[in-house]
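Read through the structure below, which is laid out as structure tokens, and then see the notes.
The chain is numbered in sequence order, starting from 1. We use all heavy atoms of the structure for the numbers below, so side chains are in, but hydrogens, waters and symmetry mates are not.
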Amino acid sequence: MKFMNDRRGEINIVSMVLIIIVVIALVAIFQEEMTDIVTTMFDKIRSSMGI
């Protein structure tokens with residue numbers, strides 16, 4: 001019966017959902033910047049390898 005009244009799991013689920021929403025929002029906001037960083041990084045790798 002004690003297990004049925006335990007509410008800690010609900011808070012963990014709400015916390016996880018909020019974290020996922022924040023991460024998705026950050027990705028949506030900074031998508032162009034992240035793309036530029038990855039592109040620049042791969043360009044530097046290619047130039048150092050001589051490709």
Side-chain angles (χ1 to χ4, degrees):
M1 201 62 178
K2 186 177 178 182
F3 176 74
M4 296 294 283
N5 293 327
D6 189 11
R7 302 284 185 207
R8 289 180 292 172
E10 293 174 11
I11 294 173
N12 290 335
I13 292 171
V14 171
S15 299
M16 290 301 295
V17 169
L18 289 176
I19 290 171
I20 291 170
I21 290 171
V22 168
V23 168
I24 291 172
L26 287 173
V27 168
I29 292 169
F30 295 111
Q31 182 177 7
E32 185 176 331
E33 287 82 2
M34 288 188 295
T35 304
D36 292 342
I37 290 170
V38 171
T39 303
T40 304
M41 187 172 60
F42 278 114
D43 288 342
K44 288 182 180 182
I45 292 170
R46 286 186 188 112
S47 66
S48 68
M49 292 175 63
I51 297 176

Without placing hydrogens or testing angles, list every side-chain donor-acceptor pair under 3.5 Å for residues 43-51, not counting sequence neighbours.
unit_1 : atom_1 : unit_2 : atom_2 : d
Ser47  : OG     : Asp43  : O      : 3.3
Ser47  : OG     : Lys44  : O      : 3.0
Ser48  : OG     : Lys44  : O      : 3.3
Ser48  : OG     : Ile45  : O      : 2.9

Validation: residues 27-39 side-chain donor-acceptor distances under 3.5 Å, sequence neighbours left out:
unit_1 : atom_1 : unit_2 : atom_2 : d
Thr35  : OG1    : Gln31  : O      : 2.8
Thr39  : OG1    : Thr35  : O      : 2.7

Query raised in the report: Do the non-hydrogen side-chain atoms of Ile21 and Val17 ever get within less than 4.5 Å of each other?
Result: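 Yes, at least one pair of side-chain atoms sits under 4.5 Å.
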Requested in this report: Using a cut-off of 6.0 Å, state whether more than 12 heavy atoms not belonging to Met16 lie near its atom CE.
Outcome: no
Query - side-chain contact (heavy atoms from CB on, under 4.5 Å), paired with Leu26, selected from Ile24, Val22, Val23 - result: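 Only one of Ile24, Val22, Val23 forms a side-chain contact (heavy atoms from CB on, under 4.5 Å) with Leu26, namely Val22.
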